[in-house]
Participant: 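First the structure, which I've put down as structure tokens, then a few questions once you've had a look.
By convention in this document, chain letters (A, B, ...) are assigned in the order of the sequence lines, proteins followed by strands, and residues within each chain are numbered from 1. The figures here come from the full heavy-atom set of this structure, side chains too, leaving out hydrogens, waters and symmetry mates.
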Amino acid sequence: MNNNSFVVLDFETTGLSPFDGDRAIEIGAVLLCDGRVVNRFQSLMNPGVRISSFIQDYTGISNAMLKKAPPISDVMQQFAHFMADQHLIAHNASFDRKFLDAELERIHVSRKQEFACSMLISRRIYPDAPNHRLETLVNYRSLQTNGVFHRALADAEMTAHLWTDMTNSIKSTYNFKEIPFKLMQRISKVPKASISDYLTRAAASMAKSPACHGS
DNA sequence: TGCCAGGCCCTCTTTAGGGCCTT
């Protein structure tokens with residue numbers, strides 16, 4: 001596993017909970033290596049049920065589009081190969097994690113790698129943002145966008161840009177040479193009021209023994 | 001548009017309630 005490569009993913013779904021019968025209808029993902037997007041994965045998926053008008057309006061994905069799409073199981077098999085053993089990142093990762101695990105379980109594949117959440121980190125790194133929705137953060141940080149929101153690949157790509165922007169901000173503010181994935185995971189759990197002290201101490205610790213902090 | 005769920009996080013908290021974020 002490359003310490004500086006991650007798969008950033010996003011699902012569009014029929015609703016908010018796979019435990020309530022909701023299914024994935026689109027997956028988008030990018031492979032982020034050393035801050036650059038080097039590969040992409042995107043597919044609609046046919047959930048076998050009609051989606052609501054709310055979801056059609058929210059995503060721009062229609063029942064006609066999904067009728068022609070491949071089965072979810074076929075797409076998830078392909079995605080399992082794409083994500084391989086890379087660390088995973090998503091915006092509000094608890095949402096995408098539960099859909100990923102639910103759809104993987106249906107094809108008898110178990111996820112082994114860990115998730116990090118760009119939303120939890122952004123609340124700590126950009127506390128002055130108007131809010132921490134992906135679209136707001138993209139505008140707040142003037143990140144690259146094609147203006148498309150609520151489509152899986154576009155949102156995954158913007159989440160990747162946000163991730164790179166946050167790591168660069170942390171590096172420049174606290175004088176880190178590198179930001180290991182596990183440190184980003186820890187940041188998402190540090191109390192907001194303590195984040196500055198935590199990163200100051202972490203940077204000092206890494207400067208002394210950079211090899212001791214893992215990936 | 002808001003509801004549905006669930007995790008996170010804040011506060012007028014912890015024997016709780018409500019907002020944020022995802023679709």
Participant: Looking just at side-chain N and O atoms, do A:E26 and A:Q42 make a donor-acceptor pair shorter than 3.5 Å?
Facilitator: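 Short answer, yes.
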Participant: Any sub-3.5 Å donor-acceptor pair from A:H132's side-chain atoms to A:Y126's backbone N or O?
Facilitator: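 Yes, the answer is positive, given that a donor and an acceptor are paired below the 3.5 Å cut-off.
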Participant: Between atom CZ of A:R123 and atom OG of A:S188, what is the distance when rounded to the nearest 0.5 Å?
Facilitator: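 Between atom CZ of A:R123 and atom OG of A:S188 there are 11.0 Å.
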Participant: Grab the CG-C1' distance between A:L120 and B:dC20 for me, whole Å please.
Facilitator: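 It is 11 Å, rounded to the nearest whole Å.
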Participant: Without decimals, in angstroms, what is the distance between A:L134 CG and B:dC20 P?
Facilitator: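 Atom CG in A:L134 sits about 17 Å away from atom P in B:dC20.
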Participant: A:F6 and A:Q86: which non-hydrogen atoms are nearest, and at how many Å?
Facilitator: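 In terms of heavy atoms, the two residues are closest at N-OE1, 3.9 Å.
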Participant: Say you pick atom C1' in B:dC9 and the same atom in B:dT13; how far apart are they, in whole Å?
Facilitator: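 Each nucleotide's C1' atom is 12 Å from the other's.
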Participant: Name the closest nucleotide to the A:R123 side chain, picking from B:dT23, B:dT22, B:dC8.
Facilitator: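 For the A:R123 side chain, the nearest candidate turns out to be B:dC8.
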Participant: What are the residues of residues 48-63 of chain A, sorted by number, that bring a heavy atom to within less than 4.0 Å of DNA chain B?
Facilitator: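 Correct list: A:F54, A:I55, A:Y58, A:T59.
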Participant: Mind checking the C1' distance from B:dC12 to B:dG18? Whole angstroms is fine.
Facilitator: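 Here B:dC12 and B:dG18 have their C1' atoms 12 Å from each other.
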Participant: Measure CG/A:D155 against C1'/B:dT23 and give the value in whole Å, please.
Facilitator: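 That distance rounds to 11 Å.
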Participant: Between B:dG2 and B:dC21, how many Å separate the two P atoms, rounded to a whole number?
Facilitator: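 It comes out at 15 Å once rounded to the nearest Å.
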Participant: Taking atom P of B:dT22 as reference, at what distance in whole Å does atom CG of A:L100 sit?
Facilitator: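 Those two atoms, CG and P, are 18 Å apart.
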Participant: Base, sugar-phosphate or nothing for A:N131? Non-hydrogen atoms, less than 4.0 Å.
Facilitator: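 A:N131: backbone/sugar contact only, no base atoms under 4.0 Å.
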Participant: Would you list the protein and nucleotides 10-12 of chain B atom pairs, both N or O, that sit under 3.5 Å from each other?
Facilitator:
none

Participant: What is the distance from CD of A:E26 to P of B:dT23, rounded to the nearest Å?
Facilitator: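 Result: 11 Å.
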Participant: Can you tell me how the ring of A:F99 sits relative to the ring of A:F95, calling it parallel under 30°, perpendicular over 60° and tilted otherwise?
Facilitator: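 Tilted: the ring planes of A:F99 and A:F95 meet at 30° to 60°.
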Participant: Could you give the distance separating B:dC8 and B:dT14 at their C1' atoms, to the nearest angstrom?
Facilitator: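 Result for the C1' pair: 16 Å, nearest Å.
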Participant: Round to the nearest Å and state the distance from A:R97 atom CZ to B:dT22 atom C1'.
Facilitator: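 It is 12 Å, rounded to the nearest whole Å.
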Participant: Is the closest side-chain donor-acceptor distance between A:S17 and A:D22 under 3.5 Å?
Facilitator: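 The criterion, which ignores hydrogens and geometry beyond distance, is not satisfied for A:D22 and A:S17.
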Participant: What is the distance from atom CD1 of A:I125 to atom NZ of A:K192, rounded to the nearest 0.5 Å?
Facilitator: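 A:I125 CD1 to A:K192 NZ: 11.0 Å, rounded to 0.5 Å.
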Participant: Looking only at heavy atoms, what is the nearest atom pair of A:L183 and A:I179, with distance?
Facilitator: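 Looking at all heavy atoms of both residues, the shortest contact is CD2-CG2, 4.2 Å.
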Participant: NA contact type, A:I25, heavy-atom cut-off 4.0 Å: base, sugar-phosphate, or nothing?
Facilitator: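 Here A:I25 touches no strand at all.
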Participant: Over how many whole Å does the gap from A:F115 atom CZ to B:dC21 atom P extend?
Facilitator: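 For the pair A:F115 CZ and B:dC21 P, the rounded distance is 19 Å.
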Participant: Got a list of protein N/O to nucleotides 4-6 of chain B N/O distances below 3.5 Å?
Facilitator:
none

Participant: Measure the shortest side-chain to side-chain distance between A:S122 and A:M166 over non-hydrogen atoms and say whether it is less than 4.5 angstrom.
Facilitator: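 With C-beta onward as the side chain, the pair touches.
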Participant: Establish, with yes or no, whether the OP1 or OP2 oxygen of B:dC21 is under 4.0 angstrom from a side-chain nitrogen or oxygen of A:H132.
Facilitator: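 For B:dC21, OP1/OP2 do have a side-chain N/O of A:H132 under 4.0 Å.
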Participant: Between B:dT11 and B:dC4, how far is it from one P atom to the other, in whole Å?
Facilitator: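 Here B:dT11 and B:dC4 have their P atoms 25 Å from each other.
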Participant: Base, sugar-phosphate, or nothing: which does A:S188 touch, judged by heavy atoms less than 4.0 Å apart?
Facilitator: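 Sugar-phosphate only.
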Participant: Using modelled atom types and a 3.5 Å cut-off, is there a donor and acceptor pairing between side-chain atoms of A:S205 and backbone atoms of A:R201?
Facilitator: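 No; zero donor-acceptor contacts below 3.5 Å.
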Participant: Within the distance-only criterion (no hydrogens, no angle test), does the side chain of A:S172 pair as donor or acceptor with the backbone N or O of A:S169 below 3.5 angstrom?
Facilitator: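 Indeed, once roles are kept as given, a pair shorter than 3.5 Å links the two residues.
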Participant: Give me the distance, rounded to whole Å, that separates B:dC3 from B:dC20 when you measure between the C1' atoms they each carry.
Facilitator: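 Looking at atom C1' only, B:dC3 and B:dC20 are 16 Å apart.
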Participant: Can you find a side chain N or O atom of A:H91 that sits less than 4.0 Å from OP1 or OP2 on B:dC21?
Facilitator: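 A:H91 to B:dC21 OP1/OP2: no side-chain N or O under 4.0 Å.
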Participant: Output yes when a side-chain donor or acceptor of A:R111 lies under 3.5 Å from a complementary backbone atom of A:Q113, and no otherwise.
Facilitator: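 Indeed, once roles are kept as given, a pair shorter than 3.5 Å links the two residues.
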Participant: Tell me the interatomic distance from A:E135, atom CD, to B:dC20, atom C1', rounded to whole angstroms.
Facilitator: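 Rounded to whole Å, this separation is 16 Å.
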Participant: For A:L134 versus A:L162, what's the shortest heavy-atom pair and its separation?
Facilitator: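 Smallest heavy-atom distance, with atoms named: CD1-CD2, 4.2 Å.
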